[in-house]
Amino acid sequence: MDSVAYQHLVKTITKIKDGDQYALEKLVEEYRPFILKTVNQFCKRMLDWGRDEELSIGLIAFNSAIDTFDAEKQVPFLPYCRIVIANRLKDYVRKEVKHQNHFQLDDETVAIFVESQLALDDFLKRTIEDERRDELEQFENVLSQFSISFEDLVEVSPRHRDSRKTLFAVAHKLSETDNLMEHLITKKQLPLNELGKACRVNRKTLERGRKFIIASALILNRPDQFVYLRSYINFK
């Protein structure tokens with residue numbers, strides 16, 4: 001999801017919080033496949049709407065995520081939804097286990113519940129680890145289009161706080177300006193003249209920090225694609 005689409009999503013969520021029922025119904029319908037996929041992954045099996053209670057819980061959790069989502073915390077909506085849905089499903093499984101324990105269970109049934117509980121508790125951790133790994137691979141592929149490697153970033157990362165602050169400010173400006181990002185993406189080059197004027201930073205500083213600025217701007221411009229990288233870096 002690009003930055004424009006994401007901003008549209010955030011505006012839609014704001015409308016829903018203001019009581020726009022039509023916007024809510026439209027958003028829920030649009031994201032039903034996402035809810036289905038998330039719940040299927042959690043339960044490790046294919047589920048059907050109208051038959052499996054877990055999907056109803058996932059739908060309720062999605063609505064709850066809309067109500068509690070805070071864009072200012074800089075955690076993108078879909079990863080936040082996954083966490084809310086997973087936590088609701090974990091609570092559901094725990095309650096089911098507790099309920100079943102009030103009755104006489106044979107050894108096989110107990111074993112199934114125990115195995116299920118352990119698997120579900122491990123789901124969120126494994127999912128996050130997989131997403132982090134996939135995200136790093138995606139970022140590596142994107143950087144390669146600009147002839148930048150992770151090793152390059154280690155070498156060029158500014159050591160001094162003021163230098164880092166300056167380059168982050170440039171990256172912010174770049175990521176938030178559509179025509180400058182379009183220049184970067186299409187030509188695979190920094191728009192040095194425009195950035196220099198917009199940020200009042202001299203050309204040599206921009207040239208020295210080119211790789212660092214590009215990498216930072218890509219992360220900032222794609223909040224849904226690079227969720228974990230964004231959370232690791234203190235862009236302030």
Q.
Using side-chain contact (heavy atoms from CB on, under 4.5 Å), reason through Ile35 and Trp49 one step at a time and then give a plain yes or no.
A. CA-CA 11 Å; Ile35 298 169; Trp49 293 104; 3.9 Å; yes

Residues Gly209 and Leu167: closest non-hydrogen pair is CA-CD1, 4.0 Å

**Message:** Grouping I, L, V, M, F, W and Y whenever their side-chain heavy atoms are under 4.5 Å apart, do Ile60 and Ile13 come out in a common cluster?
**Reply:** no

- Query: Is a donor on one side and an acceptor on the other found under 3.5 Å between the side chain of Asp67 and the backbone of Lys17?
  - Reply: no

**Study point:** Check ion pair Arg45-Glu54 (N to O, under 4.0 angstrom)
**Key:** yes

Passes side-chain contact (heavy atoms from CB on, under 4.5 Å), Leu229 versus Leu136? Steps please. CA-CA 8 Å; Leu229 284 169; Leu136 283 173; 3.9 Å; yes

Tightest non-hydrogen contact, residues Leu78 and Phe34, listed as O-CZ, 3.7 Å

Rounded to the nearest 0.5 angstrom, the CG-CZ distance for Asp91 and Arg88 is 8.0 Å

Worksheet entry | Any side-chain heavy-atom pair of Val201 and Leu195 under 4.5 Å | no

**OP:** Report yes or no: do Asn141 and Ser144 form a side-chain donor-acceptor pair below 3.5 Å?
**Re:** no

Separation between CD (Gln41) and CG (Leu36), nearest 0.5 Å, reads 10.0 Å

Exercise. Before giving the answer on side-chain contact (heavy atoms from CB on, under 4.5 Å), spell out for Leu190 and Phe146 the whole-Å C-alpha distance, their side-chain angles and the decisive distance to 0.1 Å.
Key: CA-CA 10 Å; Leu190 278 182; Phe146 299 86; over 6 Å; no

Between Met181 and Leu174, the two heavy atoms sitting closest are CG-O, 3.0 Å

Taking the side chain as every heavy atom from C-beta outward, state whether Thr12 and Ile16 have any atom pair closer than 4.5 Å. yes

So NZ of Lys211 and CD of Glu155: to nearest 0.5 Å the spacing works out to 7.5 Å

Please examine the side chains of Phe226 and Asn221, heavy atoms only from C-beta on, and report whether any two atoms are closer than 4.5 Å. no

Has Arg222 got a side-chain atom pairing as donor or acceptor with Leu220's backbone, closer than 3.5 angstrom? no

Looking only at heavy atoms, the pair that brings Ala71 and Val10 closest together is CB-CG1, 4.0 Å

*Neighbour count >12 (heavy atoms, 6.0 Å) for atom NZ, Lys188*: yes

With a 3.5 Å cut-off and no angle check, do the side chains of Thr205 and Asn202 form a donor-acceptor pair?
yes

Report the C-alpha distance between Cys43 and Leu47 in whole Å, list the side-chain angles of each, state the deciding distance to 0.1 Å, and finish with yes or no for side-chain contact (heavy atoms from CB on, under 4.5 Å). CA-CA 9 Å; Cys43 296; Leu47 304 174; 4.0 Å; yes

key: Short side-chain to backbone donor-acceptor contact, Ser149 and Asp152, under 3.5 Å   = yes

Should Asn179 and Thr177 count as side-chain neighbours, where that means a heavy-atom distance under 4.5 Å? yes

Tyr31 side chain near Thr38 side chain, heavy-atom distance below 4.5 Å: no

OG1 (Thr166) and CZ (Arg161) are apart, to the nearest 0.5 Å, by 11.5 Å

Does the plane of the ring in Tyr80 sit parallel, tilted or perpendicular to the ring in Phe69? Use 30° and 60° as the thresholds.
tilted

Inspect the contact between Arg203 and Glu207 and indicate whether a charged nitrogen and a carboxylate oxygen are less than 4.0 angstrom apart.
yes

Between the OH atom in Tyr22 and the CG atom in Leu27, the distance rounded to the nearest 0.5 Å is 11.5 Å

Closest non-hydrogen atoms of Met46 and Arg51, given as atom of the first, atom of the second and distance, are O-NH2, 3.8 Å

query = Does the gap between the ring centers of Phe77 and Phe62 come in under 6.0 Å?
reply = yes

Mind checking whether Ile213 and Phe168 have side chains closer than 4.5 Å, heavy atoms only? no

Within a strict 4.5 Å, meaning less than it, do heavy atoms of the Leu143 and Phe150 side chains meet?
yes

Glu182 atom CD, neighbour heavy-atom count above 12 within 6.0 Å | no

All heavy atoms of Gly196 vs all of Leu206, minimum pair found to be N-CD1, 3.6 Å

* Side chain to side chain, Asp52 and Val39, heavy atoms closer than 4.5 Å -> no

Interatomic distance, CD1@Ile219 vs CD@Glu135, rounded to 0.5 Å, equals 8.0 Å

